[in-house]
Amino acid sequence: MADDEAQLVQGCLAGDPRAIKDLIARFEADVYGLCVRILQHHQDAEDATQEIFIRIFRSLARWDSERTLRPWIMGITLNRCRTWLTQRARRPKSSSYRLEDIAREPDEPAQELVREIESAVGDLRPDYRSVFLLFHQHGQGYDEISQAMDRPVGTIKTWLHRARLAVLERLRQKGMVSEIEHELP
Amino acid sequence: MNCLECLEEIERLLDGADAPAEYEAHLATCRRCHDADLAARALLQGVAQLAPPAPPAWLGAEILESVLRDRIQRRRQRWLVGTAAAAAAIVAAFAITNIPRQGIDPAAASVAQAKTSGTSVQDNVQEAGQALADLTRRTATDTLDSSRALLPAVDFTNPADTLAAIPDMPAEPRRAWNDAIGGLTAGLEPLAASAMQAASFFRREVPLLGQEPGPGM
């Protein structure tokens with residue numbers, strides 16, 4: 001995997017269009033998916049994804065080939081999303097299509113559960129949301145998330161634990177899970 | 001297994017680990033841990049269906065175009081900076097190599113000083129152009145002074161007498177002198193013209209370097 005990624009990066013640095021296209025195809029879904037969940041806005045996620053890939057290719061020469069590419073790319077994605085959220089907070093709120101604004105028919109219980117989890121994750125503070133999504137949706141381990149977010153593994157574990165508690169509390173309030181009398185460690 | 005250990009096991013369950021046998025045994029005897037286990041499994045079931053949103057079909061091509069466009073723009077910027085630096089270096093090198101024997105040519109010294117003082121490329125090119133013009137004037141002045149030395153002393157106070165007083169030069173020395181003057185002029189002219197063209201070009205192009213990058217940057 002490391003050799004394959006190193007070759008891919010070398011091709012991109014050399015300007016090989018196929019390598020550039022391949023790298024975009026390999027990470028487009030992950031980057032976009034994370035942007036949508038963090039920014040909670042489809043159009044912002046599309047614009048941010050384009051910006052992020054431009055930054056990725058500008059910084060590609062600085063990638064450490066001893067590490068895997070995915071955490072590095074996710075780190076750039078998270079940083080850009082964080083900046084985007086900060087800039088958006090300064091702008092006047094606009095009534096654009098947020099993910100939750102779309103009216104839907106009542107879902108089946110399983111779909112209702114997913115929607116509530118989506119809503120709960122959307123309400124998490126950005127750091128907790130990032131860790132939760134990277135772990136549960138993008139399948140990244142603690143070490144990879146630690147690299148991507150440039151935080152110690154212990155901090156990542158704490159944030160993930162708190163994110164889970166917050167989501168579970170939302171599900172309890174909606175009656176989807178029973179009262180949890182024990183507090184998770 | 002006690003409740004505290006059971007709750008720690010639930011956290012590992014959420015991390016994707018398998019539960020040991022004593023965990024299931026404890027759940028059978030403890031309602032609270034049993035409810036906590038149910039909640040954790042509901043969360044795991046929900047996030048398993050929480051698929052990342054798929055990007056729109058057109059996004060990949062749009063990203064590729066943006067990336068390639070950015071590469072072209074950055075390459076153009078690097079070319080402009082490199083060409084400006086090379087032209088400034090050529091002009092400065094010409095000015096420096098024509099330092100008179102008596103000492104440092106003040107025009108070349110000003111060019112070198114501008115290069116090290118962190119002034120803009122445009123300032124450096126203007127300095128170099130001015131240095132070249134100064135050098136050309138000095139060369140022409142020195143040439144004129146030297147030519148006066150070749151002519152016998154003539155009284156120029158009376159124009160009518162001046163022309164009569166200037167002796168005729170022999171044909172060959174005159175031709176040689178004219179050739180020398182013509183050669184000097186011809187030799188300096190393209191260099192001065194090139195320097196002036198370079199200065200004009202960079203005055204037109206250099207402001208582009210100060211502009212903000214395009215969209216998505």
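Lettering of chains follows the sequences in order, A, B, ..., and the numbering in each one begins at 1. Excluded from the calculations below are hydrogen atoms, water molecules and symmetry mates; all remaining heavy atoms, backbone and side chain alike, are included.
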Fill in: Side-chain heavy-atom pair B/Asp15, A/Leu160 within 4.5 angstrom cut-off
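The answer is yes, as the side chains (C-beta and beyond) meet within the 4.5 Å cut-off.
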Fill in: Student check: side-chain heavy atoms of B/Arg74 and A/Arg58 closer than 4.5 Å
yes
Practice prompt. Just jot down the side chain to side chain donor-acceptor pair (under 3.5 Å) partners of B/Arg12, sequence neighbours excluded, or say none.
Written response: B/Glu9
Item to complete: Taking side chain to side chain donor-acceptor pair (under 3.5 Å) as the test, write out the residues that go with A/Trp159, two or more places apart.
Response: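 For A/Trp159 there are no side chain to side chain donor-acceptor pair (under 3.5 Å) partners, ignoring immediate neighbours.
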Roughly how far apart are [X] [atom1] and [Y] [atom2], rounded to 0.5 Å?
X: A/Ile52; Y: B/Ser66; atom1: CD1; atom2: OG; value: 12.5 Å
X: A/Ile54; Y: B/Asp70; atom1: CD1; atom2: CG; value: 5.0 Å
X: A/Arg164; Y: B/Leu44; atom1: CZ; atom2: CG; value: 7.5 Å
X: B/Gln45; Y: A/Ile117; atom1: CD; atom2: CD1; value: 8.5 Å

Fill in: Step-by-step side chain to side chain contact (heavy atoms under 4.5 Å, CB included) determination, A/Ile20 to B/Arg71
CA-CA 11 Å; A/Ile20 294 173; B/Arg71 285 177 65 94; 4.1 Å; yes
Please classify the contact between [X] and chain B as side chain, backbone, both or neither, with a heavy-atom cut-off of under 4.5 Å.
X: A/Ala25; answer: neither
X: A/Phe57; answer: side chain
X: A/Val114; answer: both

Response to the item:
Among residues 135-150 of chain A, residues within the sub-4.5 Å heavy-atom range of chain B, in order of number, are A/Phe135, A/His136, A/Gln137, A/Tyr142
Which atom pairs, donor and acceptor, lie under 3.5 Å between side-chain atoms of residues 48-64 of chain B and protein residues at least two apart or in another chain?
none

